[in-house]
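What follows is a set of notes on a single structure, which appears directly below.
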Amino acid sequence: METGKRELLRSLPAVDAVMRDPSGQTLAGRYGRASATAAIREALDGLRRQIVAGEGPQISEEAVAEAARTLLSGRGPRRVVNATGVILHTNLGRSVLSERAALAAYEAATRYSNLEYDLRSGERGSRYDHAVPLLKALTGAEDALVVNNCAGATLLALAAVVASESSEAPEVIVSRGQLIEIGGGFRIPEVLALSGARLREVGTTNRTRLADYESAMNESTRAILWVHPSNFETVGFTESVGIAELTTLGLPVIADVGSGALLPVGGEPRVQDAVRDGAELAIFSGDKLLGGPQAGIAVGAWRSISAMRRHPLARALRADKLCLAALEATLDAYLEGTAEEDLPTLRMLQTPAPELEERAGRIAEELRQDSPGLEVDVAPSVARSGGGTLPTYEIPSFAVRLGGREPEELAEELRSADPPVIGRISEGRLWLDVRTLLPGDEEAVVRALRDA
Ligand SMILES: *Cc1c(COP(=O)(O)O)cnc(C)c1O
């Protein structure tokens, strides 16, 4: 190693020296000694790597403490203010639970529960029984199963249905228009391969007809997979086959409906419609338009749900008690007819624009008084449902628009506020869309900007 690098490495302060420095003491005061020490060690490791890579980082006790502070402030998941206008923001945790759902999870977390205990018989019960009666009542399905997420439920459904009948190379038919990728690398062809099924593609990207499915059927065909394209739309010269029509072919139709809408939202397929149309299984997420915890839910025919429950993958993908408690409480709101008031996701989707204009006006007024250096105005904005749902669905909204400062710099300062505030930059200004603000967020935004 070159002498320069070696000298730089030697000049790095010891952990204790940083801890004794006022900057280190501030850090320990805010995050605790143990966390501060661990973060300082990690920061020093980072600096060592930079030096070895030939970058000449700044070296001082303060610089190390500052790097450690950045590491600690990024820990989480912790609260942030979503001012992006994207309601189901996947990077910001997707759906926000209702108070009732959060309390149910809290109780399940801090108490014992009947997770796998049958209170009537006093014997061992099954975690798979929770939420099933509610799901049946809400969707009209014969049976239901909750696992960790929708990707897992789709994988398990395919694996179970394919495995239930022995065949050399079981096939599943999918339209080429539905061979999609959902965010995070969930690709339908790859999930199919993992499940042990052979993919039989039919039709074209823009047009698939019933006859295409029909001519692909053979003695190895086990099922038809119907996928809601979720995060993209084809327009123009298009044709696709609905679930009801597919069932006329006499094969089980596995429908990955995605967002789990139970109420009508901008043309998203509803779960109960897939069940009514005869899907063998309808599969959806718990934390998209359903507005509950992260979960993957399958509803449908008793035979296939039992096959899923018995499959070894079910254990690997099982939902935990916090999820099950929150999901039950979320589903209860639908059954009681209070979902639109109780669930933040549905509430945010439906807040009338004039109410948002008023909210934005209120924030802008406070900012004009508190932060005179900023140019503040209220502008019409477009919010989105997000989370891979309704890609072209535009929800009229309002934003507080901030100018008079470099937008990237202002955005960065708001991200380092406590709680961090996340907006979006457009037309050279920082936009804070108020549709996605939750109770208490208005004050947090005003405070963050006052300190910026
Ligand atoms: C979102 C989505 C998934 C993945 O759901 P997760 O709950 O994130 O695993 C799978 N299929 C479709 C059609 C989706 O829209």
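Order of appearance sets the numbers: ligands from 1, and atoms from 1 within every ligand.
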Counting only nitrogen or oxygen atoms and a 3.5 angstrom limit, does Val257 reach ligand 1? no
Check each atom of ligand 1 against the heavy atoms of [X] and keep those under 4.0 Å away; list them by number with element.
X      : answer
Arg94  : 6 (P), 7 (O), 8 (O)
His228 : 13 (C)
Gly258 : 12 (C), 13 (C), 14 (C), 15 (O)
Phe186 : 10 (C), 11 (N)

Given Gly286, Gly296, Gly260, Ser230, which has its nearest heavy atom closest to atom 13 (C) of ligand 1? Ser230
Any donor and acceptor pair, going by atom type alone, linking the side chain of [X] with main-chain N or O of [Y] inside 3.5 Å?
X      : Y      : value
Arg100 : Thr330 : no
Asp45  : Glu42  : no
Arg200 : Val174 : no
Ser73  : Thr70  : yes

Identify, for [atom], the protein heavy atom at the shortest distance, and state residue, atom and that distance.
atom                    : result
atom 11 (N) of ligand 1 : Asp256 OD2, 2.7 Å
atom 2 (C) of ligand 1  : Lys288 NZ, 2.5 Å
atom 7 (O) of ligand 1  : Ser285 OG, 2.5 Å
atom 9 (O) of ligand 1  : Ala151 N, 2.8 Å

Thr154 near ligand 1, heavy-atom distance under 4.0 Å? no
Determine whether more than 12 heavy atoms belonging to other residues, nucleotides or ligands lie under 6.0 Å from atom CD of Glu99. no
Answer yes or no for Arg124 and Tyr117: cation-pi contact, defined as NZ/CZ to six-membered ring centre under 6.0 Å and angle to ring axis within 45°. no
Answer side chain, backbone, both or neither: which part of Glu268 comes under 4.0 Å from ligand 1, heavy atoms only. neither
Side-chain donor-acceptor pair under 3.5 Å between Ser381 and Asp433, yes or no? yes
Which of His228, Glu268, Arg270 passes side-chain hydrogen bond (donor to acceptor under 3.5 Å, both in side chains) with Ser259? It is Glu268
